[in-house]
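A short worksheet on the structure shown next.
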Amino acid sequence: MHYSRIPFFILGMLFLMMAGFLILASIKANAAPSTMIFIQLAMAIMSFCLSYLYPQFKQKDERMRLIRQKGMFASFIAMLIYLIVFNMGIQFDFIILTANEMIHLLSALLISTLFISFVIYSKIY
């Protein structure tokens with residue numbers, strides 16, 4: 001079975017269109033958009049990054065191992081920063097979110113950070 005970049009790009013476009021449709025529907029309904037939109041946008045970012053990275057990820061060499069390792073480390077540091085910022089924001093009432101909204105936001109940030117860091121490190125190394 002032959003894989004290519006095209007399915008990732010198509011998935012990214014579908015996620016982007018779904019998020020755009022939900023944003024448009026919430027604007028038309030005069031309501032706040034659902035926080036699930038963050039997850040869909042993160043999945044679109046992930047799909048576009050995988051589309052870009054596919055030829056490099058296909059090769060299982062030392063360079064790709066290094067990119068994955070550095071990307072995971074950067075994402076771990078970013079996760080700690082996100083948790084500290086959200087914890088302080090909630091503690092001092094700067095951020096007022098439900099647990100569900102917080103989980104959606106954190107998940108979207110982590111997914112986006114991981115795959116964007118992969119792209120950045122693939123350009124560096």
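Numbers here are sequence positions counted from 1.
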Validation row: Ile95, Met102 side chains within 4.5 angstrom (heavy atoms):
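Ile95 reaches Met102 side chain to side chain.
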
Hey, is CZ on Phe9 packed in by over 12 heavy atoms from elsewhere, all under 6.0 Å?
no

Is it the case that one hydrophobic cluster holds both [X] and [Y], taking links as side-chain heavy atoms less than 4.5 Å apart, direct or via other members?
| X | Y | value |
| --- | --- | --- |
| Phe8 | Leu53 | yes |
| Met36 | Phe38 | no |
| Phe73 | Leu114 | no |
| Tyr54 | Ile111 | yes |

Could you identify which residues cluster with Ile6, counting Ile, Leu, Val, Met, Phe, Trp and Tyr as linked when any side-chain heavy atoms lie under 4.5 Å apart, either directly or through a chain of such contacts?
Ile10, Leu14, Met17

Partners meeting ring-ring contact (aromatic ring centres under 6.0 Å, His included) with Phe15 (sequence neighbours left out):
none

Side-chain donor/acceptor of Ser122 to backbone N/O of Val119, under 3.5 Å:
yes

Donor-acceptor contact below 3.5 Å, side chain Ser26 vs main chain Leu22
yes

Cys49 SG to Met46 CE distance, which is reported to the nearest 0.5 Å
9.5 Å

Distance check, rounded to the nearest 0.5 Å: Leu105 atom CG versus Asn100 atom CG?
11.5 Å

Let me know which of Lys70, Gln69, Met64 forms a side-chain contact (heavy atoms from CB on, under 4.5 Å) with Ile67.
Met64

Measure up the Tyr125 and Tyr121 rings against each other and bin them: parallel (under 30°), tilted (30 to 60°), perpendicular (over 60°).
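Geometry flag for Tyr121 against Tyr125: parallel rings.
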
Does the plane of the ring in Phe118 sit parallel, tilted or perpendicular to the ring in Phe57? Use 30° and 60° as the thresholds.
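Correct class here is perpendicular.
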
